[in-house]
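All figures in this text were calculated on a predicted structure; none of them were measured in a lab. Just so it is clear: chains get the letters A, B, ... in the order the sequence lines come, proteins before strands, and each one is counted from 1.
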Amino acid sequence: MEPEIRSLVEISDSKPALRSHADIVLARARWAASIFQRFDRETTLHIVEAVARTAHQNAGKYAEWAVEETGFGVVEHKKLKNELTAMPLVDHYRDEDFVNPVIDEARKMVRIPRPAGVILALTPSTNPIATVNFKVLMALMTRNAVVISPHPAARACCVDAVNAMAEAAVEAGAPDGCIQVIEQPSIPLIEEFMASDKTSVILATGGTAMVRSAYSSSNPAIGVGPGNAPVYVDPSAEMQDAAQRIVDSKSFDNSILCTNESVLITLPEADKKLRQALKQAGAYLCDEEEVERLRRYLFHDRGFNVAAVGRDAVWIAQECGIRVPAKTKILVAPVTQLGVEERMTREKLCPVLAYHVAKNQTQALSQARAVLRLTGAGHSAAIHAGDSQIVADYARSVEAYRVVVNAPCSQGAAGFQTHLAPTFTIGTGYFGRSSIGENIGPHHLIHWTRVAYNSDSAVPFGDYQAADFGFDGPLPHAPSDGVPGAGRSARPSRPLTSAANTGSGGGAGVGMDSRTREELRRLIAEEVRNVIKGGH
Amino acid sequence: MSQEKLEFLQRSKEFWNPAKTQDWQDMGVDLVIDKREGYYLYDMDGQRLIDLHLNGGTYNLGHRNPELVEVLKSATERFDMGNHHFPALARTALAEALAACAPAPTMRYTAYGSGGGEAIDIALKTARHAMKKRKIVSIIKAYHGHTGLALKTGDERFSKLFLSEDTQDEFIQVPFNDLNAMEDALKKRDVAAVIMETIPATYGFPMPEEGYLPGVKKLCERYDALYIADEVQTGLMRTGEMWGCTRYGIEPDIMVTGKGIGGGLYPIGCTLISEHCAGWLHEDGFGHISTGGGAELGCVVSMKVLEMVQRPEVRATVGLISDFMRAGLERIMEEYPDFFIGIRQHGLVMGLEFNHEQGAKPVMKHLYENGVWAIFSTLDPRVLQFKPGLLLSQPDCEDVLRRVEIGIGLARDEVMGRGSRRGAM
């Protein structure tokens, strides 16, 4: 019934039209959020799992689509990321409870989780689907409604992916409209979404301009700045391992994760051994002239050459007229200076690694600080060392909120080969002009109402074990009187909250039979092993 | 009341409508609407009201909806009312857009009136021309407007006053939800058309029983009468579907839309006509002339209205508002079971029924005093028309329910006495 309306007067780009468009979408989200808050944990988990399963099943399809649409990255790595942000993400948070109140008898307090409401989630073109999966699932875990604003360069795959997830959510009993996507994103439209009083919080992952704009919107925002991770390889490190991890990290999805190492810093005593190890791991070390070619190719006057984002090393070498072996995984560019004079020390979302030899540890630390001063403050840094003291010195020195030790930084800082919270939104904190310095997770999407009793022991605390916290579940459908089958239905006095439970015997695997669950666990375990092996 | 308002009301009596101005004062509603925005009305003394009257859906998308205001403003750069005799860009474009979302595939043409009443007259004239018969059947307590023919289909409350009631036995009225009576009226095959509000609004939204409307349609087919759907109050997504009749499985021969189609900014009425009854448009296209009908500025606004109400988000929101209001009203009903005795509902078309023959009037008054504007049903004052807008926000809905609970409680005390028993809870 979609009419073709020949609008003779075109106003769709006008501010009132854009604002109205945003308001209508956000109002629907707000409705969904208000109903979602009535859901109990079991039902919520059931929805989360259903959506995660859909995301997991579609991981490969959207990996291909995203690479085709954006030209960024490696299909198999994207597939992996898309999977990691589906079921394993849910598993990671399975034992955390974002729904039930916490009763603290000792301190005479009850904490009630209060979902943010409507989350406006901006997603980047570099990690489109993984970020979509991540943000949607975080929102669902915390019973929030989410509106995804995809990067225009990855619009089609994101719209399709979000719609598939929305469908799965509603099928699993989620409130209609709890997952929506802006189908035709444009900067003026997104600005209206960001400025609307119906938006509860903006989760901004993307370019600096967008993140700053989110912070200027007048709404609460969790925006994250760019990365530019220094990696220091101390002579106390195992050179082979360090080199292998760095190459694995830089080649993972062609360095498209903002957590990838950008500038390697080492010391003269490790230099030769490290170069050798890097070569063995698949790196190509450029000579001075080749570095100049790379520099010219990667950095234009206006900034980084977008054509190189997420491209593989051989492709980039070819573009620059550098002859490299076909198996080359990363290009290493030795540089003598760091900072504004050397563009190669800026963020590079491609498998090109600047390589600098500092005189001593003190200088290495100061150089690492300089890298983050240039860009990437508050983001990530990595170190490979056997000596804990140098790790401590490095960690307190660099202005980064995560320092990955003896692990690939791309994956490690994002929580995939470390015990950091798995995320596709890296909080860059105050160093990086952001509100949060941790890896962003579901806990950032709720606030807690704290019920606090008189601390005087003479005043007794209440009994909340059996209290009703309003898990009333979905609203019954209003009747459409006189329409066959849609008339008044009996309204249960206490609507079922876990109608979705298919009787799997309870426990964590709500709505999934044990065999499916086992199979999924097996698959996840396998994938995680693969990641740890670094894709060999 | 401010001195300013008092003086204004005096002028209103003097120059506009003395009785109507006074009637509202007598009913305890001293409203003079000044500023308006979204679903809020502001009395000239500053009181804010959430509008659940919406003039029968005229303000479906809110008062001065910014997108509609923008399209109207932009339209004035290019259009004015237009010349009603000539083929016109905007009139044709709107007709095309209406055909694309019409409730029957045969509906092709749109004839325009300057409002719903005129559009009803066009529908009735169209039916008479097509069927070569004069009789029109409508529902007792039906309401289709105040123009010449529309007036005769309705309650005598409005026609007799002007000595304009039917005296030729051409307008037959039958009770709603009574198929036998309908068949009796039709079986002589001398009826040109049955005109039906899908859910009679001014009668307090009694809901059609299951099978009633399809039954009427079948009878029309059997006895050679056309079915005219008056979708002025039930169309444009108010039932969660573009046209209410579709929800009951009806494909009318002729359909009228008005009120909301003009977005509350430019009055317009539209009569959608199926090919098989569009004879006059072929025979004598000058048959109905309306200088104001289908003014092109109005057509541009209407096209935007059609586009907006059909957005998937709007449809979804209508469902959510319906469910939420229902759940909340049922709770209120449990609280005052001796007074608030029924909810009639189809989507956002709602009537609240009270256990007193004028019960909706005190409720209206107390709601008014508590910041909600909803009007009683003129032809059944037991029932309050309760018509939330398509885009009413969640916080506003919650606030409406809060205020309604208070207002109904006060009205109940007024009507039933404070001492009598309330329901459980």
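- For chain A, the nearby part of B/Phe79 is the side chain; its heavy atoms alone come within less than 4.5 Å.
- Heavy atoms of other residues, nucleotides or ligands lying less than 6.0 angstrom from CZ of B/Arg344 number more than 12.
- Of all the listed residues (A/Arg28, A/Lys198, A/Arg30), the one sharing the greatest number of non-hydrogen pairs under 4.5 Å with chain B is A/Arg28.
- Considering only heavy atoms from C-beta on, B/Met308 comes within 4.5 Å of A/Ser20 through its side chain.
- Here the side chains of A/Leu8 and B/Met303 are in contact, with some heavy-atom distance below 4.5 Å.
- Between the side chain of B/Arg311 and the main chain of A/Ile24, no donor-acceptor pair closer than 3.5 Å is present.
- Residue B/Leu392 touches chain A through its backbone alone, counting heavy-atom pairs closer than 4.5 Å.
- Interatomic distance, B/Met325 CE to A/Leu475 CG, rounded to the nearest 0.5 Å: 12.0 Å.
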Next item on the list: Please step through side chain to side chain contact (heavy atoms under 4.5 Å, CB included) for the pair A/Asp481 and B/Glu209, ending with a clear verdict.
Entry: CA-CA 7 Å; A/Asp481 291 331; B/Glu209 285 165 9; over 6 Å; no
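- Using a 4.5 Å cut-off between heavy atoms, B/Val300 contacts chain A through its side chain alone, with no backbone atom that close.
- In terms of heavy-atom proximity, B/Cys397 sits nearest to A/Trp31 at SG-CZ2, 3.4 Å.
- Remark: side-chain polar atoms of B/Asp323 are not paired, donor with acceptor, to backbone N or O of A/His477 under 3.5 angstrom.
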With a cut-off of 3.5 Å and sequence neighbours excluded, list every side-chain donor-acceptor pair involving residues 9-17 of chain A.
residue : atom : partner  : partner atom : Å
A/Glu10 : OE1  : A/Ser7   : OG           : 3.1
A/Glu10 : OE2  : A/Ser12  : N            : 3.1
A/Glu10 : OE2  : A/Ser12  : OG           : 2.2
A/Ser14 : OG   : A/Ile11  : O            : 2.7
A/Ser14 : OG   : A/Ala17  : N            : 3.3
A/Lys15 : NZ   : A/Glu192 : OE2          : 2.6

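- Sequence neighbours left out, not one pair with a member in residues 180-191 of chain A passes salt bridge (Lys or Arg N to Asp or Glu O under 4.0 Å).
- Residues A/Arg19 and B/Glu67 form no side-chain contact, since every pair of their non-hydrogen atoms from C-beta on lies 4.5 Å or further apart.
- Interatomic distance, B/Ser393 OG to A/Leu26 CG, rounded to the nearest 0.5 Å: 12.0 Å.
- Contact annotation for B/Leu391: only side-chain heavy atoms (C-beta onward) come within less than 4.5 Å of a heavy atom of chain A.
- Residue with the most contacts toward chain A among B/Leu89, B/Thr317, B/Ile321, B/Leu320: B/Leu320 (heavy-atom pairs, distance under 4.5 Å).
- The two atoms that bring B/Ser322 and A/Ala478 nearest to each other are O-CB, 3.5 Å, heavy atoms only.
- Residues B/Arg247 and A/Ser480 form a side-chain contact, since some pair of their non-hydrogen atoms from C-beta on lies under 4.5 Å apart.
- Contacts between A/Leu18 and chain B at a heavy-atom distance below 4.5 Å are absent for every atom of the residue.
- Counting heavy-atom pairs under 4.5 Å between each of B/Val71, B/Leu390, B/Asn177 and chain A puts B/Val71 at the top.
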